[in-house]
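One structure is given below, encoded as structure tokens.
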There are 2 protein chains.
Amino acid sequence: MSEPKTDPRILRTRKLIMDSFIELSEEKEFKDITIKDITSKAMINRATFYYHFQDIYDLLERALSEVLLINLDYSTYGESELNNEDFVSIFKAIADFQQSLSHRCHRGYEDTIARIIREQLYVIFFKMLQKKHPNEKEKTLKLTATMLSWGIYGASVEWRKNNSSMAPEEFIESAIPFIKQGIEL
Amino acid sequence: MSEPKTDPRILRTRKLIMDSFIELSEEKEFKDITIKDITSKAMINRATFYYHFQDIYDLLERALSEVLLINLDYSTYGESELNNEDFVSIFKAIADFQQSLSHRCHRGYEDTIARIIREQLYVIFFKMLQKKHPNEKEKTLKLTATMLSWGIYGASVEWRKNNSSMAPEEFIESAIPFIKQGIEL
DNA sequence: TCAGTTGTGTTGTATAAACAACATATCCAA
DNA sequence: TTGGATATGTTGTTTATACAACACAACTGA
């Protein structure tokens, strides 16, 4: 028990920053977004940004994990089903997020963003696998999570290449049987 | 010169409060809105509300004047035209505001709200009249502003009685010639 | 009628956020 | 190449906000 209870000001400020960042991402591409842009929109001081985030990549990372968690059904996440709906919603979240991040090509940042996305996916998959297969060796679960994170990310790259001629849900649907085969271990 | 520059936190907090109040007004009627409702939605402490506003009526008052000023074309307001468009936009703002405030009848608060609305209208009309007729006696301008505020408010009551079967713009249009005759002094 | 609940308004103290000033890095055009 | 402009981080001090606790008013239903 005994949660420390975070100060509401902290929650509010982080929310303001994240929301502003998401909105800005829909307006222009990642590399053109400055800290000042974000803090102006959020109506907070630039120095306060650094009180909460190390840099803009830290923000990206946390915004992404936020988006992923929100899109996942919390109860399902807790219950560790890792079923079809989970894959679809994770993929959809990633696809949407990338869509909003990159309105145009942006060389030189893709790698960083890609890494961050994969890391977040990895964390989520690993947790879910741990609950689904509690007796499996950690090494195996980690490897599976790694492969899943790369696989899902790759699928989103592929989807983006076809320029969303298909809904993300529809796109990933066909791949799910193969994924599920893989994770039965 | 020399503006004191208000602390951004103050501006931000007031905005959060006002926005939350406006949103809540669209969900339920005025008498059912508590300070806690507002501050929860705004993610601020209840005590902070009292740092900025005396009570909920003070908030109502300032939210209203905010709404009115935003709906008025700033440049026009500065230039003191007091023309047809001004009347239409003021009436529309009042009508919309009342619409959002009172989703159902709420006895016992109507008088207070009505008074607040008229007071705000009075202030705006008086300022505009002063600029349009700088040489006129103050007493005359005040009386005119009073009559205009009551008149416009009365029109909004009448409009609401017909339950918005007509757009506010259309409704007030027909009355404008008579109003304008009155203010030529 | 009265007790329980809910809302209002206030106060002293702890803390997050604003600010200004600074150093450093990056970029770009002259 | 240089210098001006713009962006990133950092720090010490001031100030707005959170919090907890309180008194009190208004309502409710038993």
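Per chain, numbering begins at 1; letters A, B, ... match sequence-line order.
- Atom OH of Tyr50(B) is separated from atom C1' of dG12(C) by 18 Å (rounded to the nearest Å).
- Using modelled atom types, one side-chain atom of Ser20(B) and one backbone atom of Leu16(B) make a donor-acceptor pair closer than 3.5 Å.
- When the nucleotides dA18(C), dA18(D), dT8(C) are ranked by their closest atom to the side chain of Ile44(A), dA18(C) comes out on top.
- Heavy-atom contacts from other residues, nucleotides or ligands closer than 6.0 Å to CD of Gln54(B) number 12 or fewer.
- As a whole-Å value, the separation of Ile10(B) CD1 from dT14(D) C1' is 13 Å.
- The nearest whole Å value for the distance from the CG atom in Leu16(B) to the P atom in dA16(D) is 16 Å.
- The distance from atom OH of Tyr51(B) to atom C1' of dT8(C) is 20 Å, rounded to the nearest whole Å.
- For Thr48(A) and dA16(C), the shortest distance from a side-chain N or O to OP1 or OP2 is not below 4.0 Å.
- Spacing between atom CZ of Arg12(A) and atom P of dA16(D) amounts to 14 Å, rounded to whole angstrom units.
- Ring planes of Phe30(B) and Phe21(B): perpendicular class, angle over 60° (limits at 30 and 60°).
- Note: NZ (Lys15(A)) to C1' (dA17(C)) measures 19 Å, nearest angstrom.
- Along DNA chain C, the nucleotide nearest Thr34(B) and the nucleotide nearest Ala47(B) are compared for position; the residue whose nucleotide lies closer to the 5' end is Thr34(B).
- Between Gln54(A) and Asp7(A), the residue whose closest nucleotide on DNA chain D is further toward the 5' end is Gln54(A).
- In this structure, Phe49(A) atom CZ and dT10(D) atom C1' are separated by 14 Å, rounded to whole Å.
- Between the CZ atom of Phe53(A) and the P atom of dT8(D) there is a distance of 15 Å, given to the nearest Å.
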Collect all protein-nucleotide pairs involving nucleotides 22-25 of chain C in which both atoms are nitrogen or oxygen and the distance is under 3.5 Å.
none

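- A close approach under 4.0 Å does occur between a side-chain nitrogen or oxygen of Asn45(A) and OP1 or OP2 of dC19(C).
- The nearest pair of heavy atoms linking Phe49(B) to Ile44(B) is N-CD1, 4.1 Å.
- Between the side chain of Arg9(B) and the base of dA17(C) there is at least one donor-acceptor pair of N/O atoms closer than 3.5 Å.
- When the side chains of ILVMFWY residues are joined at heavy-atom separations under 4.5 Å, either directly or via intervening members, Met147(A) and Tyr122(A) end up in two distinct hydrophobic clusters.
- The cluster map of Ile, Leu, Val, Met, Phe, Trp and Tyr, joined by side-chain heavy atoms under 4.5 Å apart, puts Leu143(A) and Ile152(A) in different clusters.
- Applying the 4.0 Å criterion to OP1 and OP2 of dA16(C), one finds that His52(A) has every side-chain N and O outside that range.
- Under the side chain to side chain contact (heavy atoms under 4.5 Å, CB included) criterion, Lys15(A) pairs with Asp19(A), Met43(B), sequence neighbours left out.
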